[in-house]
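These notes concern the structure reproduced below.
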Protein chains: 2
Amino acid sequence: MNSKLGLLEPLESLSMTDRVENILREYFTENAFKPGDALPNELEIAQKLNVSRNVVREALSRLRMLGMIEARPRRGMIMSQPDLLAGIEKVLNPFILSQSNQKDIFELRLILEMGIAEFLFARKTQKDLDELELIVEKQKSLPVLSKEDEIEFHGKLYDMTGNETFQRFQSLLFPVFEHVFASMTNQKDNYVLVDPVSHADLFRILRDGTPEAFRKAMHKHLEVYYNTIKK
Amino acid sequence: MNSKLGLLEPLESLSMTDRVENILREYFTENAFKPGDALPNELEIAQKLNVSRNVVREALSRLRMLGMIEARPRRGMIMSQPDLLAGIEKVLNPFILSQSNQKDIFELRLILEMGIAEFLFARKTQKDLDELELIVEKQKSLPVLSKEDEIEFHGKLYDMTGNETFQRFQSLLFPVFEHVFASMTNQKDNYVLVDPVSHADLFRILRDGTPEAFRKAMHKHLEVYYNTIKK
DNA sequence: TCTTTACATTTGTCCTACAAATATAATAGT
DNA sequence: ACTATTATATTTGTAGGACAAATGTAAAGA
């Protein structure tokens, strides 16, 4: 009879908390709430929406977790600058992430790694290059590079992009990347294949070359990973 | 006296709800909870942690929002596959996002757009190319491309990567990208500059060329945006 | 006018209660 | 002994009351 409803049904099964959460976010958007603006107090919201204070608090608790609002005990609540990645951070658990999501994250790193060339060349400073050289020199003496060495070099590259979100995003994704690759290759950790393009090579190109050449080299450096994306 | 505590202080100011949320997530990770596994009931958790059921419910409400757990009324709670991007989605409100975050997102799109070349070439199918050609042909007859035309072409590219998360991620980021660019250029919408490299050019390269050539062309296509990243 | 005091406000936390639907146990019927 | 029905227990969702504690505000006093 109501088979026509189809996609509508999930909406009806929303709990009060879900609905209040949605209503609040819409309310903020439509009224152009900005960081620092004061919110109505919990009781007021509850009475206006005709729900219990419990429900309102459960919804507010979610927004607080995202950094969207801030509650100053006994002084009321205010809007705040949300933490863009707080939600993702809490969910990055290989045990519960779907295989599909894990694969997507694995690939996302490759995409990002190839896309940063322009930013590196546009924003590199002598100080950055000096620090990177130090890392490269240190690694030259090692017989094989550990996972940590990889992180140190690539992490420095993300720093150099000057994009804070990107930097943090990448550091969140890396453990998942590692986990996926490890489970694909079944290899014990701390063993990294010999690269046709070394960190030292990448460093030299970043110092003296072009974005174009850097991307080419980075692709070669990550070739072992790129070989996994053939459909 | 306790000035040495420094970074420790924020920890102490955590609410019970914050702490229970952390404890629960750690509990899930350490016990390797997988989707489908049953959780202890609310009262049990509350008693074990010596807090009220309210506090537990506020913490659980957060995890439910992230899709981490699922509550089946009157049957208990189970682990579930979290929605990787649910947290970000709710927070993408230009009014409250920091300028810095908005700029980061703007740049992130450029990074992604440049990084997908390998995936496009590795995974393109004849069907994809046909559909893309249709879009390009349609746009050829237009004097100027609207925002929607841009989304249609680039959106199809994201589809072709075969990476669902990436696809969705991109569609979430796009409005912010548009917002940032509009506020930078102060231009009214629906006006897109004439590109040195057209969508038709990109299509031809994707069909007959190499990832290398595609990246080069895409960079030229997005040059007007890339000009903003010079520090 | 300034200081002190009393009061009101508001979040954080705890408690109790109950509806409703499911799972489980108990009972009745054949 | 087995099935069908009924009763009971479980558990989330929601409501509502209570109070501590700290802050802001108003009132009172010097």
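Residue numbering restarts at 1 for every chain, and letters A, B, ... go by the order of the sequence lines.
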With a 3.5 Å cut-off and sequence neighbours excluded, list the donor-acceptor pairs that the side chains of residues 35-45 of chain A form with protein atoms.
from	atom 1	to	atom 2	distance (Å)
A:Asp37	OD2	A:Lys34	N	2.8
A:Asn41	OD1	A:Leu43	N	3.0
A:Asn41	OD1	A:Glu44	N	2.9
A:Glu42	OE1	A:Arg53	NE	2.8
A:Glu42	OE1	A:Arg53	NH2	2.9
A:Glu42	OE1	A:Arg57	NH1	3.4
A:Glu42	OE2	A:Arg57	NH1	2.8

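Taking every side-chain heavy atom of B:Val55 into account, C:dT13 is the closest of C:dT11, D:dG13, C:dT13.
Side-chain nitrogen and oxygen atoms of B:Arg53 include none within less than 4.0 Å of the OP1 or OP2 phosphate oxygen of C:dA17. Note on A:Ser52: every side-chain N or O is 4.0 Å or more away from OP1 and OP2 of D:dT14.
One atom, CG of B:Asn54, and another, C1' of D:dA15, lie 11 Å apart when rounded to the nearest Å. The CG atom of B:Leu39 sits 13 Å away from the P atom of D:dT11 (whole-angstrom rounding). Going from atom CZ of A:Arg57 over to atom P of C:dT11 covers 8 Å, rounded to whole Å. The interatomic distance linking B:Leu14 (CG) with C:dG12 (C1') rounds to 14 Å, in whole Å. Nucleotide D:dT11 holds its P atom 8 Å from the CD atom of B:Glu44, rounded to whole Å. Rounded to whole angstrom, the span from the CG atom of B:Leu43 across to the P atom of C:dC14 amounts to 13 Å. Between the P atom of D:dT11 and the CG atom of B:Leu60 lies a distance of 14 Å, rounded to the nearest Å. With rounding to whole Å, B:Gln47 atom CD is found 13 Å from C:dC14 atom P.
Counting any heavy atom pair closer than 4.0 Å across all strands shown, A:Asn41 reaches sugar-phosphate atoms only and no base atom.
Between B:Val51 and A:Arg74, the residue whose closest nucleotide on DNA chain C is further toward the 5' end is A:Arg74.
For B:Tyr27 and B:Phe33, the gap between ring centers is short of 6.0 Å. Aromatic ring centroids of B:Tyr158 and B:Phe169 lie 6.0 Å or more apart. Taking the centre of each ring, B:Phe28 and A:Phe95 stay at or above the 6.0 Å mark.
The base of C:dG12 has none of its N or O atoms less than 3.5 Å from a complementary donor or acceptor on the side chain of A:Arg72.
When the side chain to side chain contact (heavy atoms under 4.5 Å, CB included) test is applied to B:Glu178, the partners found at least two apart in sequence or on another chain are B:Lys147, B:Phe174.
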